[in-house]
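What follows is one structure encoded as structure tokens, with my remarks underneath.
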Amino acid sequence: MTDYGSMEAKWQARWQEAGLDKAERIDGKPKFMIIFAYPGVTGYLHVGHLRGYTYVDAIGRYKRMTGYNVLFPVGTHATGNGGISLATKIARRDEKTIDYLLRNGCPEDKIPELEKPMSVIEFFNDVYVNEYWKRFGFLADWRRFTCTLYPDYGKFIQWQFHKLKDAGLLIQKPYYAPFCPNCGPVAVDPSETDISKGGRAETQEYTLLKFRHGDEFLVAATLRPETVYGQVCFWVNPEVEYRRIRKDGETWIVSPQAAEKLTLQKDGIEEVGTIPGSEMIGWMCEAPMIHREIPVFPASFCNPDVGTGLVTSVPSDAPDDWISLEAVKKDPSLKEKYGLTQELIDSVVPISIIDIKGYGDFPAKDMIERLGITAPGDPKLVEAKKQVYKDGYHMGRMKDVCGEFAGMRVDEAKDKMRQAMIDAGEAEPFHDLSEEVVCRCGARVHIRRIDDQWFINYGDADLTERTKAHAKEMDLNPPEFSENVQGILDWFRERACVRLGNWLGTRFPFDEKWIIEAISDSTLYPIYYTISLYANDHRIEPEQMTLEFFDYVVLGKGDISGVSKSTGVSEELLDRIRKDVLYWYPLDINLGGKEHMTVHFPAFLFNHMAILPDEMQPRGITVNWYVTGKNSDKISKSKGGAQPIPGAAAKFGVDAMRLYYAHVASMFVDVEWSEETVLTYRQRVDRVFGAVTELISRESDAPAGEIDAWLLSRFNRHLAEIRTAMERYDLRQMCTTVYFDMLNDIRWYTRRGGSCRATIDAALRIWIQAMMPVTPHTAEELWESAGFDGLVSAGQLPEPDRSVISAASEHGEDMIRDVMSDITEIRKIAGIEAKRVVLYTSPEWKREVMRRAAAMRESGELSVPALTKACMTDEAIKRNGKAASELAKKVAIDFSRSESGAWEPVYSTDEFALLDGAKGFLSDEIGLEVDVLSADAEDVYDPQKKARAAAPGRPAILLE
RNA sequence: GCCAGGGUAGCCGAGCCUGGUCAAAGGCGAGGGACUCAAGAUCCCUUACCGCAGGGUUUCAAGGGUUCGAAUCCCUUCCCUGGCACCA
């Protein structure tokens, strides 16, 4: 295996020596600032992540070689519980975790150090920078690296929150969060850092429905308030000892567990007694909204742990209800046991309330039959419920029985009906976890109301309008994101921005018990890269980074001498930082994966708009899609199947991988990772490398000829194409030109016998420079062996020389290729064992027809009759009779469809000279003797009368 | 369901905005050939169908429409993908 690593390391060291990675303000020089949305520190990354990062480096390199001073900083986002989670697992030597670390190349002796969260973060910061980004040859300004857990970064975030507060965008309102009675707030997430069970639980929003019975209420909890019109009875678990509680002067009956949960969410709850479930069977209670009396029946599926342990029954749409009602009707023992009358039981019949495509009047019944469920307690009921709920919510429509809600879509009716009942005092909101969650301390975790939760008010109308207006001006890629983002910005509402508990992050400046949560501290940060430089080398210390400091350097507010005095930062340094900020900002491109479209990018836009002046608003966002595993999953970090990045880099070489990312597909589609595909790019790099190496060493003392003019024309045209593509950041198009088209041109040049040193050198300069953005190591290696000076990475891409771009020259070679393929085709079709081929070039009169057509096209008078008429005034043309008028017709149509001047090379090329000059080449290529004759020549040899078919651009061919 | 984006030759994928020069780029795969003792690499040719002269025929999810002309514009239908929130 070739040792790509040492070649790559060599050039990376040279770039560093040359200081190419460092970005410094150069007043007056155009700047370009680009970032990728920094990754969360969650462990080892996989090959998929490098896709977006590679785009950023390639774009940065391209900008650098086209006259820009480029700032490409990197950082990491470590806010959250990822670090804690990993450290905890490492501390208790969790087998899977240790295995995961070792498999990804973590040195064994490093592991004991990783028991502290911050050590984990620092460890991975180092991995990301050194094993991923530097390894891939990125020219990022490493000096500016920052991490969300650094104290100086925290100062910046606290300042940002002061600004949000000043702008009136921080609001407080109640919020419902998981809470342990002993440990306080806990994080419920799949990593299960804080908890020992229930990491997949979700917070669900129930509606408590109050059913009047005498002067008390049976309280049911439902996720489907829109089904109240279908209520026909009420379920109570006869085995459960229910509680009576006082709430706002009312008496409620709920399960004991529900009573406990309610105290966490409602004020003034007081237990006043108990009542066995069995006692309630046979009661009549008044259902909310419909105000009908419905009977209470026994049901074993009422789990006191879920909701309130009491359930309103809507058999039409709830499979559990349907099957249980059937069971009640069939079970005679219930009548005796609970004294229910047959009449009462018979009076309970399902009511059809929702019309769902693909279902009959009673969706629950349909689903039960479809799944073959026959009795209550069947485990398939869970699935049945989920499916009916989902279909009902998305596709259902309320039927006529639903009063004022008739005809509404379910997803709309749900909120409306819930609100109507809450307004009428018949219902209340309630939150519960979808499954049992147990804290590490062993206590049960419940949802608790938090009254003073802070939110950022992204729903603010003025902010939204201004942000939307700015987004319209931005360069957003893919273009459809421009359209979508308008909707996303509208849809963004208040967002909880702080949280309690065991999380890493910055303290909320207005109340230290809160930690600023993960999305909210990563929205304005790109601007901090202009400042982190000075914090990292300790020219400023975190304690100096006061509100006045940021106000001055970011916003230009305050008086420099005052700020200098209060912070202890010299006026000179303050001035310098301020100028840096003004120079580098706004951000030109923020590139991130598609997951950011509805989360990070809108928040990024809002925060910039809320805090920074117009001239500092971001200019562009580029969204990249993923590299996926099989079955188009994201390559999962946790699944472990993905290849560690350093291993892949060693195996394929960094440049091959970079080219793979840049070219394998449009930025805006997912790509399935396949080593085989990467290998074809490895091969592609090798082929280009080989072709260049061969050109460098080729004997090349021939004088410049036609083919040299052709190559220079092609390469300068490509240069222009590359620039056009890169205007749109279309790396893929650019790579097609550089690694495919240009290689093909070189092959043709070689095949045509090109070997002029000056041409080759000129072509190589263009070509190698054009390779630099995507395959920089290969480019350097080639640049050096070609004997060119300096580093390509430090050079400037030449402007295309339009004076050497020649349509005529390119047309000539196209013609030769066409002639070759025509000959091949004729030989194949005709099955002739030919010894000789005769080419007849077009007669002069046909050229004249085209000249006339071109002139008429120019002056706008071209039409079939006009051209025919004009041609007939020319004796030399007219003489050809019908052939002349037919040609005039065809030419008139062809020319009028084309751009003016497009056909010029066709009629003005000296075809005889061209083909005669290529005779030797053609003869070698096709293995036949080749003669070139002019169709105009006197007594031309033409035994098969082929010559008359000759036309400009299309010589007649005779095989014999 | 709502919003958005798609369905192109064996596969991947350009073209579609700005209709004609589109049987439709390029790559991969496949077949043939050159080079070679041989393999690999490299290079050349072919790869919808028909055709003993460079041509013809039928194609760009399906159906309909606009137009002298449609892969490209419009309408309908079918199918696929993503997002639908407090989760980074």
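Just so we're on the same page: letters track the sequence lines, and every chain starts at 1.
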**Study point:** Separation between the P atoms of B:U47 and B:G27, rounded to whole Å
**Key:** 14 Å
**Study point:** Nearest-angstrom distance, P atom, B:U57 to B:G13
**Key:** 32 Å
Check your understanding: Taking the side chain of A:Glu825 as heavy atoms from C-beta outward, which of B:G27, B:G51, B:A85 is closest to it?
Key -> B:G51
Revision key, fill the gap. A:Ile957 has its side chain closest, among B:C87, B:G27, B:G54, to B:G54
Point to revise | Spacing between A:Tyr458 atom OH and B:C86 atom P, to the nearest angstrom | key: 15 Å
Study note, to complete from the structure: Out of B:G51, B:G54, B:G83, minimum distance to the side chain of A:Ala949 belongs to B:G54
Check your understanding: Do the side-chain N or O atoms of A:Arg682 get closer than 4.0 angstrom to the phosphate oxygens (OP1, OP2) of B:A41?
Key -> no
Review point. With both distances kept under 3.5 Å, what pairs with B:C22, Watson-Crick or G-U wobble?
Key: none
Point to revise | Aromatic stack A:Phe740/B:G27: centroid gap under 5.5 Å, interplanar angle under 30° | key: no
**Study point:** Nearest listed nucleotide, side chain of A:Asn484, among B:G55, B:A4, B:A88
**Key:** B:A4
Review point. Any idea which of B:G83, B:U46, B:G54 is nearest the A:Asp822 side chain?
Key: B:G54
Practice item. Name the nucleic acid region contacted by A:Thr736, choosing base, sugar-phosphate or nothing; use a 4.0 angstrom heavy-atom cut-off, strictly under. Key: nothing
Review point. How would you label the contact of A:Ile893 with the nucleic acid (heavy atoms, under 4.0 Å): base, sugar-phosphate, or nothing?
Key: nothing
**Study point:** Pair A:Tyr44 and A:Phe124, ring centroids less than 6.0 Å apart
**Key:** yes
Check your understanding: Cation-pi between A:Lys946 and A:Tyr840: NZ/CZ under 6.0 Å from ring centre and within 45° of the ring axis?
Key -> no
Check your understanding: Between B:A53, B:A14, B:A88, which nucleotide has the shortest distance from any of its atoms to the side chain of A:Leu958?
Key -> B:A53
Practice item. Over 60° means perpendicular and under 30° means parallel, so classify the ring planes of A:His600 and A:His596, tilted if in between. Key: perpendicular
Practice item. May I ask you to say whether A:Arg714 pairs ionically with A:Glu813, meaning some side-chain N is under 4.0 Å from a carboxylate O? Key: no
Review point. What does A:Gln944 touch in the nucleic acid at a heavy-atom separation under 4.0 angstrom: a base, only the sugar-phosphate, or nothing?
Key: base
Review point. Considering only the P atoms, how many Å lie between B:A70 and B:G65, rounded to the nearest integer?
Key: 12 Å
Check your understanding: Who does B:A41 pair with, Watson-Crick or G-U, both distances under 3.5 Å?
Key -> none
**Study point:** Nucleotide B:G27, atom C1' - distance to CG of A:Asp741 in whole Å
**Key:** 11 Å
Study note, to complete from the structure: note: A:Met815, atom CE; B:G54, atom P; distance rounded to Å ~ 18 Å
Exercise for review: Using the P atoms only, state how far B:A41 lies from B:A4, rounded to an integer number of Å.
Suggested key: 48 Å
Check your understanding: Ring centres of A:Tyr681 and A:His663 under 6.0 Å apart?
Key -> yes
Practice item. Check every atom of B:C86, B:A88, B:A4 against the side chain of A:His77 and return the nucleotide holding the closest atom. Key: B:A88
Point to revise | Out of B:A53, B:A85, B:U46, whichever nucleotide has its closest atom nearest the side chain of A:Leu959 | key: B:A53
Review point. When you compare B:A9 with B:A14, how far apart are their P atoms, in angstrom units rounded to a whole number?
Key: 13 Å
**Study point:** Nearest-angstrom distance from the residue atom CD1 of A:Ile829 to P of B:A53
**Key:** 8 Å
Study note, to complete from the structure: Note: for A:Tyr393 and A:Phe492 on RNA chain B, the residue whose nearest nucleotide lies more 5' is A:Tyr393
Practice item. Measure up the A:Tyr38 and A:Tyr525 rings against each other and bin them: parallel (under 30°), tilted (30 to 60°), perpendicular (over 60°). Key: parallel
Check your understanding: So, the side chain of A:Thr148 versus the backbone of A:Thr79: is there a donor-acceptor pair under 3.5 Å, distance only?
Key -> yes
Study note, to complete from the structure: Closest of B:A85, B:U42, B:G55 to the A:Gln683 side chain is B:U42
Review point. Nearest to the side chain of A:Arg751, which nucleotide is it out of B:C86, B:C44, B:A4?
Key: B:C44
Review point. Starting at CD1 of A:Ile519 and ending at P of B:A85, how long is that distance when rounded to a whole Å?
Key: 13 Å
Check your understanding: How far, in whole Å, is B:U8 from B:C3 if one measures between their C1' atoms?
Key -> 26 Å
Review point. Whole-Å distance between B:G13 P and A:Tyr739 OH?
Key: 22 Å
Review point. More than 12 non-hydrogen atoms from neighbouring residues, nucleotides or ligands closer than 6.0 Å to CZ on A:Arg948, yes or no?
Key: no
Exercise for review: Describe the nucleic acid contact of A:Ser522 in one word from base, sugar-phosphate, nothing, applying a heavy-atom distance below 4.0 Å.
Suggested key: nothing
Check your understanding: So what does A:Glu925 hit on the nucleic acid, given a heavy-atom distance under 4.0 Å: a base, only sugar-phosphate, or nothing?
Key -> nothing
Check your understanding: Does B:C87 have a Watson-Crick or wobble partner in any strand here, with both distances under 3.5 angstrom, and which is it?
Key -> none
Review point. Rounded to whole angstrom units, what separation is found between the CD atom of A:Glu205 and the P atom of B:A85?
Key: 12 Å
Check your understanding: When we call it a touch if two heavy atoms are under 4.0 Å apart, what does A:Ala956 touch: a base, just sugar-phosphate, or nothing?
Key -> base
**Study point:** Any A:Arg732 side-chain N or O less than 4.0 Å from OP1/OP2 of B:G13
**Key:** no
Point to revise | For B:U81, the Watson-Crick or wobble partner whose two distances fall under 3.5 Å | key: B:A4
Exercise for review: Scan A:Arg687 against the nucleic acid and name what it touches under 4.0 Å (heavy atoms): base, sugar-phosphate only, or nothing.
Suggested key: sugar-phosphate
Practice item. Check every strand shown and say whether A:Arg827 touches a base, only sugar-phosphate, or nothing at a heavy-atom separation below 4.0 Å. Key: nothing
Point to revise | Residue met sooner reading RNA chain B from 5', once A:His596 and A:Leu743 are mapped to nucleotides | key: A:Leu743
Practice item. Take atom CG of A:Leu659 and atom P of B:G27, then tell me their distance rounded to the nearest Å. Key: 14 Å
Review point. When all nucleic acid strands are considered with a 4.0 Å heavy-atom cut-off, which category describes A:Pro955: base, sugar-phosphate, or nothing?
Key: base
Exercise for review: State whether A:Trp903 and A:Arg857 meet the cation-pi test: NZ (Lys) or CZ (Arg) under 6.0 Å from the six-membered ring centroid, and within 45° of the perpendicular axis.
Suggested key: no
Point to revise | P atoms of B:C52 and B:U36, separation to the nearest Å | key: 36 Å
Exercise for review: Looking at every strand, decide which applies to A:Trp491 at a 4.0 Å heavy-atom threshold: base, sugar-phosphate, or nothing.
Suggested key: base
Check your understanding: How far does the P atom of B:G15 sit from the matching atom of B:C22, given to the nearest Å?
Key -> 16 Å
